[in-house]
Amino acid sequence: MGAFLDAVGGWAAGGPGGPAGDLAVRLGVRTAVLLEGPSDLAAVEALAARRGRDLAAEGVCVVPMGGAMSVGRYVGLLGPPGLGLRLAGLCDEGEQRFYDRALERARAPRRGFFVCVADLEDELVRALGTARVEEIVAAEGDLRPWQTFLHQPAQHGRSRQQQLRRFLGTKKGRKIRYGRLLVEALAPGRVPAPLDDLLASL
């Protein structure tokens with residue numbers, strides 16, 4: 001599946017689509033899950049692992065697009081105009097219009113796409129509660145950076161939830177690491193609805 005992802009990435013960058021099409025047939029790829037970036041990928045993979053699912057073996061390819069603005073390109077390549085795969089994914093409420101436009105243009109079904117209010121990190125922080133997230137931050141050795149962050153003037157007056165969400169995006173790789181950690185810390189009945197519904201739809 002990694003080879004298929006590489007082929008899709010090359011195709012999206014302007015390369016040939018033949019290798020991706022050949023691999024899709026050979027691997028039995030039936031669904032492409034379109035995600036904004038690698039932190040969303042980490043969260044989806046962590047939840048799938050918790051539930052004992054091997055998405056690749058099920059013919060599901062999870063695609064980090066490198067930003068919501070790329071959705072039109074990926075829908076065109078992987079959906080009805082391209083490989084004809086079933087499409088699913090997550091989007092942020094503020095970017096939903098880009099997804100709706102891309103799906104409509106490609107004549108792809110809207111079902112299978114689920115909306116996070118701000119973003120997936122915000123959903124995870126709300127599901128766990130800020131105190132639990134701060135415990136995880138401390139356990140990961142990030143307590144000092146977190147305390148330094150809280151003293152920044154820009155953070156004064158923000159809610160703890162807003163501060164935590166912003167903190168997760170302040171260092172390269174942090175959102176990816178915590179995407180996995182926060183999902184692993186969730187109680188079974190506390191998985192945010194967009195993430196829970198996405199996995200259930202696959």
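Geometrically, Arg166 does not engage Phe149 in a cation-pi contact, judged by NZ or CZ lying under 6.0 Å from the ring centre and within 45° of the ring axis.
Residues Val75 and Ala102 share a closest heavy-atom pair of CG1-O, 3.7 Å. Smallest separation of non-hydrogen atoms from Gln96 and Cys91: CA-SG, 4.0 Å.
Proximity of a side-chain donor or acceptor of Asp142 to a complementary backbone N or O of Pro145 within less than 3.5 Å is not detected. Of the possible donor and acceptor atoms, one in the side chain of Arg50 sits under 3.5 Å from a partner among the backbone N and O of Val183. Not one N or O on the side chain of Arg105 forms a donor-acceptor pair closer than 3.5 Å with the backbone of Gly72.
Residues Arg158 and Gln155 have side chains that bring a donor and an acceptor to within less than 3.5 angstrom of each other. Remark: the Arg165 side chain and the Gln162 side chain contain no N/O donor-acceptor pair separated by less than 3.5 Å.
Every residue two or more places apart in sequence or in another chain that forms a side-chain hydrogen bond (donor to acceptor under 3.5 Å, both in side chains) with Arg53 is listed here: Glu58.
The residues Arg132 and Glu135 are annotated as salt-bridged, a charged nitrogen and a carboxylate oxygen being separated by less than 4.0 angstrom. Salt-bridge annotation for Arg126 and Glu123: present, with a side-chain N of the basic residue lying under 4.0 Å from a carboxylate O of the acidic one.
Side chains of Arg30 and Leu85 form no contact here, defined as non-hydrogen atoms less than 4.5 Å apart. Residues Leu164 and Trp146 form a side-chain contact, since some pair of their non-hydrogen atoms from C-beta on lies under 4.5 Å apart. A heavy-atom distance below 4.5 Å is found between the side chains of Phe167 and Arg174.
Rounded to the nearest 0.5 angstrom, Asp40 CG and Asp92 CG are separated by 7.0 Å.
Heavy atoms from other residues, nucleotides or ligands lying under 6.0 Å from CD of Glu140 number more than 12. Few gaps surround NE2 on His156; more than 12 heavy atoms of other groups in view lie less than 6.0 Å from it. Enclosure of atom CZ in Arg110 by more than 12 non-hydrogen atoms of other residues, nucleotides or ligands within 6.0 angstrom is indicated. Atom CZ of Arg111 has 12 or fewer neighbouring heavy atoms from other residues, nucleotides or ligands inside a 6.0 Å radius.
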